[in-house]
Amino acid sequence: MIYKGTHLSENTIGYIDDQGNILDTQTAGENCSATPIEYDNSKESLEIIRHSTAHLMAQAITELYPNSQFFVGPVVDEGFYYDFRVDEQIGESDLKAIEKKMKELIKKKYKIEKYEISKSEAKDKFANDDLKLKVMERIDDDTLSIYKQGDFEDLCRGPHVPALRFLHNFKLTRVAGAYLGGDEKAEMLTRIYGIAFADKESLKAYLTMMEEAKKRDHRKLGAEMELFMFNEEAGAGLPFWMPKGAKLRYKLESILHKAHLTRGYEPVRGPEILKADLWRTSGHYACYGENMYLTTIDEQEYGIKPMNCLGHIQVFKQSPKSYRDLPLRYYEYGVVHRHEKSGVLHGLLRVREFTQDDAHIFCEPEQIAQEVLEVVEFVDSVMKLFGFEYTMEIATKPEKAIGEDAVWDMATQGLKDALEGNNLPYTIDEGGGAFYGPKIDIKITDAIGRKWQCGTIQVDFNLPQRFEVEYVAEDNTRKQPVMIHRAILGSFERFIGILTEHYAGEFPFFLAPTQVIFVPISDTFADYAYELKKALLLEGIDSEVYDKNDSLNKRIRNAEKQRVPYVVVVGEEEVTNRTVAIRDRRNKEQYNLTQDEFMVKLTKQLQEGKI
RNA sequence: GCCCAUAUGGCUCAGGGGUAGAGCACUUCCUUGGUAAGGAAGAGGUCGUGAGUUCAAGUCUCACUAUGGGCUCCA
């Protein structure tokens, strides 16, 4: 509906024009003919509300910390933030005081007013504020707008709500440091993040959702379920796998092994450290050296591998290859070490030692599209098995890169063709490629909405050239193959971290570290439970027997808390009839099966992990 | 790496300048129970590491280590 000519509602906080631009009421004036934006939780409304809340926060900070200077305060996906410089140290505990001051300011019922000045006037006005001058450097327009509420005014593009009375339901969520302009070498400013909604219920729902997400954080679940651990004395970013986690990982590895073999991949394995000269030849020493761990043996420099390519290349080169051998697909669960910055380490999602499900496909240039497509299908079947939503992104040539532009263009086009030819949606990450070639990244979202790169498919014309990799073509000439680097999970560490959050610890039967817990009603029936456990083990199914000297109720409770697919109670009745009493946690059912039916059911469920 | 915060028995957490507490877990004993915590007793920490202030430091200061939240998204 288009409203014309009148300022219809008390609740109008802005307008959308024909081009989809948001105009606030200050800009639109009294008689605006564009579509009004009502005060609610629509995307446009929230943008205005959050932007104004950021300004309100800035005003509060100014009152509490008079020497503060402000940089930028935009609306982002998850709320808003403001970057500023302040003399005092601001910590999480100060957020409450800032919130309180914001509420006080609202009570003063300020209107939010707008006026415009020329850029030169603005430069005079903010001559003493180097941050504002920096902001202005980034703006091309000659006319700048200033928004004013009470004594506080700020250079701002808008849009804003008409008055502070629209700002009630907000929460400051965290305080952080942020480099000015995102530049690592620049000064670090203080950043406060917040969130705001049109009504109290939405804010509450958002905060509740964040709480729920935290409950499925893989770091919390990993400790609780005894999957993995870290150790201060061993060092940061170096995960240890505990028995339960190692079982889970082993199951995932087994599924993937079969999936590779049936798709024509062959297993290989390279050494953990290789001479530095090899890394010089590959370009890693120059382009990736700052992330590599180097060591010296017998006065000879070595590098611990951060990638597995070199090993696979050496295996390929060991014997002459024919065009008939191509495409040749080598895969390895390759352990790599990378010196990630200490501040970016994050549970299993970013570590310094991890294992990639890595493969290199050596093929002829004409085979690229087909091979990439097959990898994409492989990725899709793995993601489907676990029910993951994922996005694909083509990353192009970065600043630090080897190889000629023409070669880059050709490889990049090959990736696009493979996706477009099959109507697979993708986005472009300009300059996000590896130094040796463009790539397709597969990204999965974690429990709290952060996106992580998992799988990757990278076309590489450069390494075959650098290492003089060759095959004999049909016409008996020597040609250079193309290398496709690819990983489906990315790394077992990251993938298992995300899997844990995805399932909230309740892994599907074929992955669960413990698949069944037996609870014998009393000691007398424990033998039967151990007999069943052994039978399951022979089928590759892991189980535990809870026969500790605790009450039956307590053992059932403890078993249920383990997030295992099945808890099986056995007592006199079961022993006599050779049956089991199943508590199906996932389906919230209880039922009895004969021992045979039980075995058939479970072995059948194991098959669900096949791809 | 940089900014802010945190660091107490296996886990979750309380305490707070005068030499440490709780619950769960653990050990032993009683109990042998039919579907989410039976009972009793016991063991376990010198308060992340190092240095400093102090008559006295988990408790204050500094450094280090580890962990957590951030560090593209343009007034």
Side-chain angles (χ1 to χ4, degrees), chain A residues 51 54-55 58 70-78 80-83 86 88-95 119 122 126 129 131-141 144-147 153-158 173-193 214 217 219-220 223-224 226 229-238 290 339-347 429 431-432 448 450 519-526 547-561 567-574 581-583 585 590:
Chain A
H51 192 54
H55 268 242
F70 293 85
F71 187 53
V72 298
V75 173
V76 288
D77 287 347
E78 290 271 308
F80 62 85
Y81 68 76
Y82 222 120
D83 282 349
V86 62
E88 294 83 350
Q89 283 191 351
I90 297 187
E92 303 270 339
S93 53
D94 301 309
L95 295 184
K119 196 166 189 176
F126 294 107
D129 190 336
L131 288 182
K132 279 280 168 278
L133 295 174
K134 280 214 170 62
V135 170
M136 281 186 265
E137 278 172 22
R138 307 158 90 187
I139 306 169
D140 293 332
D141 306 349
L144 304 177
S145 54
I146 307 269
Y147 281 80
E153 50 180 29
D154 197 10
L155 184 70
C156 180
R157 179 180 59 180
T173 49
R174 51 199 173 223
V175 50
Y179 294 108
L180 197 157
D183 178 2
E184 216 173 291
K185 290 180 189 87
E187 169 188 1
M188 180 153 285
L189 302 175
T190 300
R191 171 176 297 182
I192 296 180
Y193 281 93
K214 274 186 198 156
D217 188 312
R219 292 166 298 188
K220 183 176 154 63
E224 219 173 90
E226 299 180 323
M229 54 177 255
F230 291 90
N231 179 293
E232 185 178 339
E233 291 178 75
L238 304 171
E290 53 193 27
H339 184 191
E340 300 289 351
K341 287 178 183 172
S342 60
V344 305
L345 300 175
H346 183 97
D429 176 14
I448 17 188
R450 287 184 281 220
V519 183
I521 285 176
S522 75
D523 287 351
T524 333
F525 314 110
D547 60 347
K548 216 183 82 176
N549 184 14
D550 275 326
S551 68
L552 178 65
N553 279 353
K554 182 157 181 180
R555 284 180 289 133
I556 288 175
R557 176 183 150 83
N558 285 340
E560 284 293 345
K561 278 169 62 185
V567 173
V568 172
V569 179
V570 291
E572 185 164 11
E573 198 186 316
E574 287 73 23
I582 296 184
R583 287 174 64 106
R585 180 182 160 75
Q590 291 190 33

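Each chain gets a letter, A, B and so on, in the order its sequence line appears, and its residues count up from 1. Keep in mind that this is a model prediction, so the values were computed, not measured.
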[X] side-chain proximity, nearest of [options]:
{"X": "A:E184", "options": "B:rC74, B:rG1, B:rG34", "value": "B:rG1"}
{"X": "A:Y179", "options": "B:rG1, B:rG69, B:rA36", "value": "B:rG1"}
{"X": "A:K554", "options": "B:rG38, B:rG69, B:rA36", "value": "B:rG38"}
{"X": "A:V344", "options": "B:rG1, B:rG38, B:rA36", "value": "B:rG1"}
{"X": "A:Q89", "options": "B:rA37, B:rA5, B:rG33", "value": "B:rA5"}

Query raised in the report: When Watson-Crick pairs (N1 to N3 and N6-O4 or O6-N4) and G-U wobble pairs (N1-O2 and O6-N3) count only below 3.5 Å on both distances, what is the dot-bracket string of RNA chain B, with | for other-strand pairs?
Result: (((((((..((((.......)))).(((((.......))))).....(((((.......))))))))))))....
Residues in side-chain hydrogen bond (donor to acceptor under 3.5 Å, both in side chains) contact with [X], at least two apart in sequence or another chain:
{"X": "A:E573", "result": "none"}
{"X": "A:D129", "result": "A:Q69"}
{"X": "A:D550", "result": "A:K548"}

If we take the [atom1] atom in both [N] and [M], what is their distance in whole Å?
{"N": "B:rU46", "M": "B:rU19", "atom1": "C1'", "value": "8 Å"}
{"N": "B:rU31", "M": "B:rG39", "atom1": "P", "value": "16 Å"}
{"N": "B:rA7", "M": "B:rA14", "atom1": "C1'", "value": "15 Å"}

Requested in this report: Summarise protein proximity over nucleotides 61-67 of chain B in one line of letters, 5' to 3': B for base, S for sugar-phosphate only, - for none, counting protein heavy atoms closer than 4.0 Å.
Outcome: ----BSS
Between [X] and [N], does any side-chain N or O lie under 4.0 Å from OP1 or OP2?
{"X": "A:R583", "N": "B:rU35", "answer": "no"}
{"X": "A:Y81", "N": "B:rC73", "answer": "yes"}
{"X": "A:Q590", "N": "B:rG34", "answer": "no"}

Report task. State the syn/anti category of B:rG38 according to its glycosidic angle, syn meaning within 90° of 0. Result -> anti
Report task. Determine, stepwise, if the pair A:K134 / A:E187 fulfils salt bridge (Lys or Arg N to Asp or Glu O under 4.0 Å). Result -> CA-CA 12 Å; A:K134 280 214 170 62; A:E187 169 188 1; 5.9 Å; no
Report summary line: Rounded to whole Å, CD of A:E572 lies from C1' of B:rG33 at a distance of 13 Å
Report summary line: Separation between CG (A:D547) and CD1 (A:I521), nearest 0.5 Å, reads 13.5 Å
Protein and nucleotides 27-32 of chain B: nitrogen or oxygen contacts under 3.5 angstrom:
residue: B:rC30; atom: N4; partner: A:N549; partner atom: ND2; Å: 3.0
residue: B:rU31; atom: N3; partner: A:N549; partner atom: OD1; Å: 2.9
residue: B:rU31; atom: O4; partner: A:N549; partner atom: OD1; Å: 2.8
residue: B:rU31; atom: O4; partner: A:N549; partner atom: ND2; Å: 2.4
residue: B:rU32; atom: O2; partner: A:D523; partner atom: N; Å: 3.3
residue: B:rU32; atom: N3; partner: A:D523; partner atom: OD2; Å: 3.2
residue: B:rU32; atom: O4; partner: A:D523; partner atom: OD2; Å: 3.3

